Amino acid sequence: MTPETSVRVRFAPSPTGFLHIGGLRTALYNYLFARRHHGVFVLRIEDTDRNRFVEGAAEKLLETLHWAGLSWDEGPDIGGPYGPYVQSERLALYRQHAESLLREGKAYRCFCSPEELDRQRRKQAEEKRPPMYDRRCRTLSRETSDARAKAGEPFTIRFRVPLTGETVFHDAVRGEIRISHAVIDDQVLLKSDGYPTYHLANVVDDHAMRISDVIRGEEWLPSTVKHTLLYEAFGWPPPRFAHLPLLLNPDRSKLSKRQGDVAVEEYRAQGFLPEALINFVALLGWSSPDEREILSMDELAALFSLDRVGKAGAIFDIEKLRWFNGRYFRALPLEERVRLCIPHLERAGYDTRDPIRTARIVDALSNHLVLPADIVEEAAIFFRAPALPASATEVPPFSQGQEKAVLRAFLTGVRTVVPWERGQIKKLLERIQGELGVRGKELYLPIRIALTGKSHGPELPVVAELLGPEECSRRLEPFTVG
Ligand code: GLU
């Protein structure tokens with residue numbers, strides 16, 4: 001590929017205080033697209049909306065993206081040939097471009113006050129018409145406009161959208177899009193405080209930063225027609241566009257905070273692993289050609305293509321994310337699983353001073369964990385004796401039959417097992433099975449319940465091994481008397 005045709009994509013978040021899951025998906029798809037095409041991934045901070053400015057939010061955003069495993073080739077922290085990569089540091093450029101459109105008559109000054117615009121909007125709402133600027137300043141003569149500006153009257157610069165005709169553009173996901181100019185507002189390009197609007201800054205920067213492909217959420221699709229008209233007005237070739245399907249709640253409403261967390265930082269705080277989150281997010285709107293689901297970042301980068309991005313909204317199913325997390329957690333080396341679990345065990349007040357025992361407990365429980373914090377509940381059996389049932393009949397397996405004989409045989413056997421390890425304990429259980437003629441659940445369940453107070457958990461010989469012979473005896477005794 002020649003430099004002119006090479007792929008350059010960007011993620012252009014507005015720093016609002018957290019990274020939305022949908023933002024992570026947009027960033028990821030751009031990143032994967034760049035890698036797949038040996039292109040360049042640019043990170044640009046779109047911070048021109050001063051009302052929404054949040055101190056420190058941009059830094060936090062970069063840090064969260066790094067945590068997720070994403071990196072960029074050009075951006076605010078590392079610079080690059082088309083910087084600065086923060087829009088609030090590029091204000092002069094936007095002003096210049098707005099003024100050039102003004103000079104060419106492709107934009108005009110609007111002197112309508114916020115109160116006046118509000119009045120127009122209210123009237124339109126009453127008349128059930130869509131809110132749109134009524135274009136009263138569009139027809140001001142150049143002389144009047146210049147004179148009013150010179151006199152110091154505040155103004156915005158608006159785009160002179162053609163009144164008739166339509167704009168057609170191609171979207172890599174949605175195909176051909178046609179929009180009639182009649183429904184397009186004369187967009188403000190430069191606000192009265194000299195700040196650009198999203199539309200102007202976005203188009204100027206995508207051009208200035210040589211962006212070849214704009215990949216972003218579907219909510220920006222209505223803006224694209226305005227952007228297409230702006231590219232035309234500037235005489236620039238537009239980039240290619242791809243709009244990613246909406247993210248939906250399981251009830252198919254738009255993904256919202258109301259039905260769960262949408263902040264990546266929140267999932268991180270809960271202990272979700274970045275690899276699991278990335279794998280999950282990658283499949284929100286895209287599927288691999290071979291239908292594989294467990295995919296590493298490298299595998300995703302090798303497989304990703306826009307033609308496998310669907311149009312239909314992608315359902316954000318937290319259960320699926322949890323499933324991915326469990327898978328990724330179990331695949332971590334034991335040392336890493338222990339490192340993740342220890343703070344939770346300590347916070348719960350469990351004694352983790354014996355590193356070997358702690359590691360064994362984590363290993364025994366790993367299949368039962370989705371998040372490292374789950375260890376607290378699962379590991380309780382190894383740190384506290386279960387509460388005894390008030391009466392033996394409260395626990396069904398103890399109410400009749402062979403249970404007591406099983407428990408007595410196990411208690412006696414415990415004293416004979418040397419060395420105390422899972423293989424030998426398993427042999428003891430087999431012996432009891434032979435002697436008493438009980439097998440399966442009838443054999444295991446009474447012992448498991450007596451030892452742990454639960455009917456499920458890691459394999460019984462593993463549980464017994466970790467408890468140690470003394471603790472096993474202590475827990476079994478109350479059930480064998482009488
Ligand atoms: N700043 C916009 C956002 O917050 C960027 C949209 C786009 O990619 O054009 O998502």
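Keep in mind that what you see is a predicted model, and the values were worked out from it rather than measured. First listed ligand is number 1; within each ligand, the first listed atom is number 1.
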Would you say Y198 contacts ligand 1, with heavy atoms under 4.0 Å as the rule? yes
One pair to check against salt bridge (charged side-chain N to carboxylate O under 4.0 Å, His left out): R174 and E218. What are the steps and the verdict? CA-CA 10 Å; R174 313 203 67 91; E218 194 178 296; 2.8 Å; yes
Is the ring centre of F316 less than 6.0 Å from the ring centre of F280? yes
For [atom], what is the closest protein heavy atom, and at what distance to 0.1 Å?
{"atom": "atom 8 (O) of ligand 1", "answer": "R10 NH1, 2.6 Å"}
{"atom": "atom 5 (C) of ligand 1", "answer": "A12 O, 3.1 Å"}
{"atom": "atom 10 (O) of ligand 1", "answer": "W220 CZ2, 3.4 Å"}

Ligand 1 atoms nearer than 4.0 angstrom to some heavy atom of N202 are 7 (C), 9 (O)
With heavy-atom distances below 4.0 Å as the criterion, list the atoms of ligand 1 near E46. 1 (N), 2 (C), 5 (C)
Report the relative orientation of the aromatic rings in F41 and W72; use parallel for angles under 30°, tilted for 30 to 60°, perpendicular for over 60°. perpendicular
Plane angle bin for F33 and H37 - parallel if under 30°, tilted between 30 and 60°, otherwise perpendicular: tilted
Determine, for R109 against E153, whether the closest basic-nitrogen to carboxylate-oxygen distance falls under 4.0 angstrom. no
Would you call R339-E336 a salt bridge at under 4.0 Å N-O? yes
Checking heavy-atom distances from atom 9 (O) of ligand 1 to each of H199, R44, R216, the winner is R216
